[in-house]
Amino acid sequence: MTVPFVQKALHIDLETGDHDIEHISASEGVIGPVDFGWREFKKDKNVFTFGEGKLASSTIPGSRRLVFCAYSDQWEGFYISSMGGAAHKFQHVGVSYVSLRGRAERPSVLLLNNRGEAPEARIIPLEDYRNIWAGYENEAGEKLIGIYAMQQALLDLFGGEYDPNRVRIATVGPSAEMTVEGVIGSNTIKKGVMQAVVDWAGRGGLGSRLFRHHNILAIMFGGEWKDAFAPKTKELNHYFEEHYGDKMTKVDMAMTKKYHYDPKLETGGTFGANYTNLKDKILTFNYRSAKRTKTERIRQHTDFIVKHYLKQFNEETIKPKRFDHCGEPCSVACKKLFGKYKKDYEPYHALGPQCGVFDQRAAELLNDHADAMGFDAIQIGGTLAWIMECVADGLMDPDKYGFPPASELKFSHFTDDVAEFDLVEDSMRNARYAMKVIDAILSDSRAEIFRDGLRAAAENINSSACFNRAVYLAHGEKGCMVPNQYWVPGMGSPMPLMGKYYVYYGSDYMPPDDLGRKNVERMVHELINDNCGECRFHRGWSEALLPVIMNDRFGLNIDFKAHHFNLAREINEYQSDTSQPWATRRMAEMLEGYLTYIAKPPTSTEEQAKYPVVDPEDPVGSARAFWRAIKEGQERAFRAGPDAISRTLTPRQQKERFAGGE
Ligand code: SF4
């Protein structure tokens, strides 16, 4: 059955509180929240948008992400960041998209509701937000801080206005006020009670943008509106049966094993699957592992991770099946919990082994503190690991910045020996040190230099030894991104938006020119998911099947690959010139280590000719040449057009490629 393709946008002027609704047709080139965000951004660089995909009211697993778009002060460019499950509640506001312009007069909360008549928007000042962040008690007498405190306070203040099962709060924390790296976080809410699962629009510092630029601390949303055409599973099964030979849930579960539970690995979730598979690709102690031998890294992986950090996780979380979903009913239930702590690989790695933390109790404390303060865990993890190495090596005077003395750290060198590193005590020592550094960055003026991010600090600290130990991707004058925690050149690529998965990040070696083309291909397909509000964990089927469902259900005739290629190309044209090559010695060491140990050496003369060699006299120069070659491959692919990147896989090809979950 074909149903109307209705897109409503709520445009809000934060200065006056005025708002109006716009109806947008697909013929205007907008079919999802990224199109909308990009269209508004092209009109006005100061706009902030968020919205859902057109299938958010369906039962399609993963279709209910809330997608935020805005200029990122952290990245110095247009950025896209999405939050799991939040559109499951946002859909009840009764609009697809929201745009925010201007700045609220005072720090405020934006309330979006729909009590059956029409979407409502109110801007409520909240002057004592700092007191709330500092501590707020819930009904059980538990003292909450930061983003958790803010959500509870808003639930207590305004929860009565919403259906307790159709409300959610997206909020920022103290890091959004003090740094450019603040996230937007949101816990799931059941029957009016905040749950342990917290989802993030985590990368790009859009929480800082929301607060520092628009004076908005939180957005509370929900309502009564229901989509009269919401497709049920029965109406959707035939797409999956036709293209994958089975019902929707079965196809989905077969292609998402890694995220739920993989019987072969006897674990699940990103934490379980990635840590099982990492082996010699492990990055620890501020990437110092990259310079060590394969044998040392494997020993560290075995003794520090498999026998302790991962073992704890498997026993405490996987065996008792402490799984939950992100807020939308999705059987994958990729959220792996232990008490109030949700465990994912990247945050628990950046704020784990990278910071010399290999024990769950220590990692829980550190991650929870960074989360409560509203930091992007990967970004702050990379910054803390760098600071800790510089302090431990005597390159940075901790006293000068309000940090504890080096004697409180166990971080002076890489170790793979449990006899010299107590996995429980030394991990806790490092975690506590890192938490004190977080507090100093937020509240001690001596640590101000770190508030503009790792790159700005590394460039301005006046120490080439410190600078050369920093790992970041640079964009624009000060823009900075700590790379995602996979030791592959793809994660250091010069794509227009880094910190996401708009890159090829397989560990197999690819000549830089091919890697560049593959990055463009991945950006196009990841954009299909983002623009449909779809969770990328379902990409095994979603990249190929969502275009079929969208076109068929809404009577559209859109070439999804061409549409999203053009979107990617426009974004690239806007901000590719501002990408900056790798600059530090540690970045060069990462490439050298990858080529030496991870990449398969060439087996033919032809391959040899294309294989980069790192010049020991000028490793940074070699690394920059490699970076430029990736960029040339990307630009060539963007110029060549959508047909030059691989065809969108048919559902059948997709099934073969992703069988068992990627
Ligand atoms: S896979 Fe996880 S994040 Fe994605 S929709 Fe399912 S529960 Fe949510």
Side-chain angles (χ1 to χ4, degrees), residues 32-33 51-68 80-91 168 170 183-190 195-203 231 233 236 240 247-262 265 267-274 313 317-318 321-338 341-348 371 377-378 484 500-501 525-526 528-543 545-546 549 658 660-662:
E52 65 187 24
K54 282 310 298 166
L55 294 163
S57 62
S58 77
T59 54
I60 294 174
S63 60
R64 288 153 282 202
R65 286 186 87 79
L66 193 62
V67 182
F68 296 81
I80 304 160
S81 192
S82 70
M83 176 185 280
H88 189 48
K89 311 298 177 194
F90 175 78
Q91 60 173 300
R168 204 155 162 170
V183 295
I184 306 171
S186 172
N187 283 71
T188 55
I189 295 172
K190 285 182 191 157
Q195 305 296 305
V197 170
V198 56
D199 298 291
W200 308 99
R203 306 240 65 196
T233 305
L236 296 163
F240 289 81
K247 290 190 179 355
M248 182 168 76
T249 306
K250 286 207 168 154
V251 171
D252 189 47
M253 291 306 284
M255 291 199 185
T256 51
K257 271 189 201 138
K258 163 180 172 178
Y259 302 109
H260 178 65
Y261 177 79
D262 186 340
L265 302 178
T267 188
T270 55
F271 189 104
N274 287 356
F313 172 79
T317 295
I318 297 298
K321 288 199 177 346
R322 294 191 167 112
F323 306 167
D324 203 349
H325 56 63
C326 61
E328 64 163 282
C330 164
S331 312
V332 179
C334 70
K335 306 300 170 199
K336 309 303 183 203
L337 299 160
F338 181 63
Y341 305 110
K342 173 177 75 76
K343 312 213 167 163
D344 270 309
Y345 163 68
E346 292 208 68
Y348 269 70
D371 286 351
I378 302 172
N484 292 72
K500 293 175 64 67
Y501 297 89
H525 291 101
E526 294 276 341
I528 292 176
N529 267 349
D530 277 346
N531 207 23
C532 289
E534 178 69 30
C535 164
R536 67 183 300 278
F537 289 1
H538 305 265
R539 64 194 178 280
W541 57 263
S542 66
E543 289 172 4
L545 196 58
L546 284 178
I549 299 175
F658 285 91
E662 194 181 45

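Worth knowing before you read on, the calculation uses all heavy atoms, side chains too, and leaves out hydrogens, waters and symmetry mates. Note that ligands are numbered from 1 as they come in the structure, with each ligand's atoms numbered from 1 the same way.
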Participant: Could you check whether any side-chain heavy atom of F240 comes within less than 4.5 Å of a side-chain heavy atom of I549, counting everything from C-beta outward?
Facilitator: yes

Participant: With 2.8 Å as the threshold, which protein atoms of type N, O or S lie near atom 8 (Fe) of ligand 1? Leave waters out.
Facilitator: C326 SG

Participant: Centre of F323's six-membered ring, under 6.0 Å away, within 45 degrees of the axis: is that where NZ or CZ of K336 sits?
Facilitator: yes

Participant: Between H538 and ligand 1, find which residue part has any heavy-atom pair under 4.0 Å and reply side chain, backbone, both or neither.
Facilitator: side chain

Participant: What pairs with F271 under ring-ring contact (aromatic ring centres under 6.0 Å, His included), at least two apart in sequence or on another chain?
Facilitator: Y275, Y309, F313

Participant: Report yes or no: is the cationic atom of K321 (NZ for Lys, CZ for Arg) closer than 6.0 Å to the six-membered ring centre of Y261, at no more than 45° off its axis?
Facilitator: yes

Participant: I need the minimum non-hydrogen distance between S63 and L55, along with the two atoms involved.
Facilitator: OG-O, 3.2 Å

Participant: Are any of the side-chain heavy atoms of L66 and K89 separated by less than 4.5 Å?
Facilitator: no

